[in-house]
Amino acid sequence: MKEDIVLTMRGICKIFPGVMALNDVDFTLRKGEIHALMGENGAGKSTLIKVLTGVYPKDAGEIRVDGVEEAITIRSPQEAQNYGISTVYQEISLCPNLTVAENMFIGRTKGGTVNWKAMEKRAGELLDSLGIPARPRQQLSNCSLAVQQMVAIARAVDTDCKVLILDEPTSSLDDKEVEMLFRLMRDLKARGVGIIFVTHFLEQVYEVSDRITVLRNGELVGEFEVEKLPQVQLVAMMIGRELENLSVIKKENPSAAAKKEVRYEAKQLSSTESRPFDFYIGKGEVNGFTGLLGSGRSESVRAIFGADPVTGGEVTMEGKKVRITKPLDAMKNGIGYLPEDRKRDGIIADLSVRDNIILALQVLRGMGHPISRAKAEAFADEYIKALVIKTASTETPIGSLSGGNQQKVILARWLLTHPKYLILDEPTRGIDVGTKTEIQKLVLKLAEEGMSVTFISSEIEEMLRTCSRLIVMRDRNIVGELTGDELTQSHVMHTIAGGGGESE
Amino acid sequence: MNKNKRGGLSRYSQLLVPLIAILVLVIFNLIRDPSFFSVGLTANNNGDPVLQGNLISILNGASELVILSMGMTLVTAACGGQDISVGALAAIAGSVFVKVLKSGGSISPLLVLGGFLMCCAVAMVFGAFNGSLVAFFNIQPMIATLILFTCGRSIAYWINGGATPTVASPIINAIGSFIPGVPIPTPILIVLLMGGLFALLFRFTTLGLYIQSVGINQSAARLNGINAVGIKLLSFVILGVCCAVAGMIGVSRLGLINHETLLINIEMDAILAVAIGGNNLGGGKFKMIGSVLGAYAIQALTITLYAMKVPSTDVKAYKAVVIVLLVVMGSPVVKEAADRVTKRIRAARRSGTEKEAA
Amino acid sequence: MEEKGKLRREPITDTQLLMTITVCIFIGMYILAILIWGGGFKKPQMLFDMLNDNAYLVIISCGLTIVMITGSIDISVGGVTALVAMVGVMILNGNLTLFNGLIAALGMGEGARIVFALLMSLLIGLAFGLVQGYLIAHLEIQPFIITLAGMFFARGMITIISVDPQKGPQNLMDILQKRIEMAWLGSPNKKGVVIPARMEIGVVIALVIVVLVYLLLRSTKLGRSFYAVGGNRQSALMLGVNVRRSRFMAHLLCGLLSGIAGFVFMMHTGAGNATNATAAEMNAIASSIIGGTLLTGGVGNVIGTFFGVLTLSTIKSIVTTSGLRDPWWQSITTGAMLCFFILLQSVVLMRKNKRKK
């Protein structure tokens with residue numbers, strides 16, 4: 001092994017039932033570099049990370065770390081840590097009720113007693129040296145998410161850490177916080193820590209990374225030095241053949257840019273989580289909210305659906321004034337909403353696929369009018385067939401289905417209510433490419449049949465493929481609306497970043 | 001979580017534990033003393049022929065427990081916690097029942113009906129109190145109901161002005177023991193009635209689906225238009241009605257209200273019944289029939305112990321041992337271990353047959 | 001900008017916040033009681049009486065606080081306390097031949113019975129803690145059900161051991177019920193003679209335990225792991241905390257403390273009875289909650305719990321002093337008080353969390 005290499009993974013394979021999640025993937029990490037791991041959702045990034053941290057056992061391949069002669073097998077995160085591999089996950093795994101200092105040291109001090117003074121002093125020094133704005137004695141839950149993340153990083157670095165994995169660390173941070181995090185990352189890099197940076201923000205990759213490894217469909221596309229890889233090429237590599245699919249889909253999409261009769265319109269709509277905004281959607285139109293995570297796009301559609309308490313605004317549905325203050329109001333007005341977080345807001349894990357499919361329709365019919373077992377069974381069968389949902393039976397608990405199939409069940413749930421207006425928030429997140437394209441095609445088909453659809457995705461390509469109008473958000477405000485020729489990746493990017501002024 | 005895809009019978013696998021418990025008790029009693037199961041017709045004090053025997057006293061004695069565990073199942077499923085105030089609430093309801101009966105001169109059927117409606121109403125109000133603490137303030141059910149647990153029986157005492165009045169009437173007697181001409185104890189009939197009502201409720205409304213949805217994933221349930229707060233509240237209100245019915249039966253059995261002893265400690269048994277019935281005390285999916293079987297299993301155990309001449313005060317200790325055995329049997333770790341063992345045996349047998357074939 | 005604002009404020013944890021609220025309310029209530037009802041409340045003996053009567057409850061509550069911090073529950077504590085008291089009295093009485101024989105064989109005097117009673121107390125408590133802890137931590141059975149069975153078992157065993165109530169022998173009880181007299185805290189009675197304040201030995205034990213448990217929770221790794229497990233079990237596991245061991249130890253400690261509480265209870269009452277320490281588990285839970293322990297886990301402190309016990313008994317004293325002598329008033333006010341504290345905590349934490357957003 002060469003001197004400056006801290007980690008090599010060779011020929012890693014991982015097979016899940018029916019899916020080849022990783023196929024012969026190589027990965028090399030050098031000392032003191034920030035190595036971005038890129039790929040679309042479902043490309044295998046998180047699987048690779050989980051293999052490396054011992055969450056999943058690998059099916060083939062070998063892992064070597066600096067300082068150990070032979071190839072190693074990692075069976076648990078604890079073992080990974082012993083090899084100097086630390087991970088900071090997107091969902092922070094610290095104890096919110098303990099202080100910052102405790103979170104940094106619990107579980108790794110020797111002896112039976114806690115020396116608070118020494119611990120807090122050590123924590124204070126570490127926080128100061130890393131420039132983390134937190135006090136050792138602060139309760140963790142009183143810190144902002146960014147600071148919590150940094151505390152987790154500080155903990156990881158303080159152990160003898162050679163490899164630091166940051167799994168989507170920036171997705172819930174604002175610009176200033178991201179800057180703070182980057183400063184910390186550069187600092188660690190200078191200390192010789194090898195950092196694996198998993199993210200889907202292109203700009204951030206170009207800002208801090210030295211090297212990029214691109215994965216697609218569970219396969220290695222290549223490893224590149226950042227300077228030698230133009231952004232456009234990177235995107236092309238991440239998306240790969242799908243670019244061709246894009247044109248096929250586009251053709252099927254009739255020129256929807258022309259404004260049709262308005263189906264839904266909101267004026268100065270606001271909720272506890274979103275600022276007032278104006279919005280409309282026409283019959284048979286597919287439009288989308290775009291912007292970085294945290295830009296307020298999800299909060300806006302939640303306001304439309306009444307998912308968060310609505311605080312003001314006027315809403316008209318097909319010209320009639322309506323009041324939508326809670327989800328049921330929206331449903332009664334023919335609006336459906338597929339939430340961003342499938343696990344938290346979408347599936348009812350222990351209930352069967354059948355019950356999950358009929359749920360929304362059942363609620364619409366009211367408590368006193370249950371759908372008969374036979375009818376429910378028929379509905380479920382119909383949509384399992386129509387959306388090609390892979391499930392053993394209608395009786396299977398939805399929780400045991402794969403992510404993509406769960407998403408299809410939720411989609412079926414809303415399609416069953418025959419909504420006039422369907423909101424899809426990240427419907428393709430974390431599902432395989434095949435299902436993704438299926439869902440995109442379905443969206444366009446539904447629009448053709450007259451349904452209005454609002455589509456949200458972190459992947460701009462996907463939005464460009466499906467939407468005829470994009471509403472761009474930044475810092476919880478709408479900053480632009482793009483249609484027709486303006487619908488190009490660079491244009492959207494510029495608008496998101498705030499440099500789109502020249503086109504207006 | 002639950003990854004069985006076999007469908008069919010496995011849906012009822014959670015009933016295994018209470019059924020085994022009942023079966024073991026039956027076999028045990030058959031070996032010990034087959035006459036345990038004899039049921040006979042004897043004349044009661046009024047000269048009416050009535051059914052008697054250990055089986056009948058199990059079914060009869062478990063009535064209040066069964067009714068409460070039905071309500072408890074709903075609260076557990078919707079809120080992921082238990083109501084420990086059901087005994088106290090039943091005492092309050094019983095007191096109100098007696099208070100109303102005492103208010104008129106003679107006890108007429110109308111007065112009894114009025115008393116029942118009144119105690120239902122009061123129990124529903126208290127249930128709503130518990131429910132709103134849980135639903136609106138997000139307080140854990142056990143903590144929220146600790147309040148009523150602490151002071152409920154005192155409120156019951158206070159309702160009747162610090163006395164333990166008796167009520168004597170053929171109507172009360174009919175509710176508490178036998179309707180003249182009907183050989184089956186009335187509480188059993190009331191249980192059947194309640195069971196029927198719940199069956200209708202689940203058949204003709206979507207309550208079951210809603211409660212399970214809220215219990216499994218409140219956020220998702222809300223986004224599908226289910227009023228999660230309302231469902232939680234409703235589950236407590238229904239439990240309130242169950243408390244009222246149980247309280248009324250309890251009062252009618254004795255013909256008096258004793259705030260201190262009426263259905264004492266029954267909350268523990270009711271929670272136990274829910275757990276033995278294979279329902280997750282953390283909420284979510286439920287099978288009410290499991291709780292009912294669990295309740296009968298508990299009562300069967302008690303009656304068996306009585307039949308073995310175990311003093312009533314000692315019964316608890318033996319019950320504890322059986323409970324521990326039952327829950328250990330149903331514990332996830334033990335189940336997993338059992339699964340592993342059966343798998344290994346199966347694998348061994350298969351490899352064995354393969355070798356033979358080779 | 002948010003960060004800077006946070007930094008200027010002295011950081012306070014949920015545990016500290018809730019504990020402070022309880023202590024403040026207790027002090028305020030006591031001062032109010034002195035101002036309005038004066039008399040008894042002015043005498044230090046009032047406070048000592050409360051402690052004398054509730055020493056056992058303080059100990060139980062400490063154990064329960066530990067368990068609740070890990071996000072678990074133990075409702076067997078009252079039963080164990082009662083069982084231990086019964087066994088203790090019977091050993092003192094010489095009703096258990098095993099111990100009589102042992103003492104005779106070792107050639108010890110009657111006083112040795114006290115030692116054996118104490119040993120048995122600890123042993124029974126440990127046994128309950130051990131079994132319950134194992135079933136809960138290692139077999140992952142719901143704590144409520146297991147400890148409910150524990151309660152049934154303990155209560156059932158009392159009557160199996162002895163149907164009749166027992167009373168400890170006077171000579172030994174005299175030793176156990178020695179009181180510490182503090183003349184400097186005394187107050188004059190009607191005749192003007194100064195009666196010294198009296199405190200039972202049990203109170204000293206209880207206070208020592210409060211301090212010990214406080215130190216355990218505050219400055220040992222085990223103690224902190226209780227908080228970690230209660231805060232987020234999954235995270236605790238990821239942070240390298242031995243979750244199983246922590247949960248097991250919490251229940252073990254709780255059992256041990258219930259054993260000690262039983263001995264203290266016996267010292268105080270000198271009687272063994274099936275109805276001993278009735279509903280002690282619920283009183284202990286109530287005290288812990290009032291003291292700022294959350295049943296959800298991760299938040300709590302024994303100092304708060306100690307004041308929780310005092311708050312509850314002060315309420316009862318106030319109710320009796322203010323002339324509401326009917327027995328139902330005590331529990332109705334207790335319930336109201338509990339309601340007040342539960343709502344207060346819920347609102348305080350809700351507001352705190354909202355501000356964070």
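Model, not experiment: these values are computed from the prediction. Every chain is numbered from 1 and lettered A, B, ... according to where its sequence line falls, protein lines coming before strand lines.
Around OH of C/Tyr134, the count of heavy atoms belonging to other residues, nucleotides or ligands within 6.0 Å does not exceed 12. A/Lys343 NZ: 12 or fewer foreign heavy atoms inside a 6.0 Å radius. The environment of A/Glu179 atom CD is dense: over 12 non-hydrogen atoms of other residues, nucleotides or ligands sit within 6.0 angstrom. Residue-environment remark: CZ (C/Arg245) stays at or below the threshold of 12 foreign heavy atoms within 6.0 Å.
Residues forming a salt bridge (Lys or Arg N to Asp or Glu O under 4.0 Å) with A/Lys50 (at least two apart in sequence, or on another chain): none.
Heavy atoms closer than 4.5 Å to chain A are found nowhere in C/Arg233, neither backbone nor side chain. With a threshold of 4.5 angstrom between heavy atoms, C/Leu216 does not approach chain A through any atom at all.
Annotation: the span from A/Arg137 atom CZ to C/Gln16 atom CD amounts to 7.5 Å, rounded to 0.5 Å. Note that CG of A/Leu140 is 12.5 Å distant from OG1 of C/Thr13, once rounded to the nearest 0.5 Å. C/Asp14 contributes atom CG, which lies 5.5 Å from atom OG of A/Ser141 (distance to the nearest 0.5 angstrom). Interatomic distance, OG of A/Ser76 versus CE of C/Met238, reported as 10.0 Å (0.5 Å rounding).
Within residues 112-122 of chain A, the residues having any heavy atom less than 4.5 Å from a heavy atom of chain C are, in residue-number order, A/Gly112, A/Thr113, A/Val114, A/Trp116.
Across C/Gly223, C/Gly240, C/Ser235, the residue that shares the most heavy-atom pairs under 4.5 angstrom with chain A is C/Ser235.
When all heavy atoms are compared, the tightest approach of C/Ala228 to A/Cys95 is O-SG, 3.4 Å. When all heavy atoms are compared, the tightest approach of C/Tyr227 to A/Leu98 is CB-CD2, 3.5 Å.
Residues A/Ser93 and C/Leu239 have side chains not in contact (no heavy-atom distance under 4.5 Å, counting atoms from C-beta outward).
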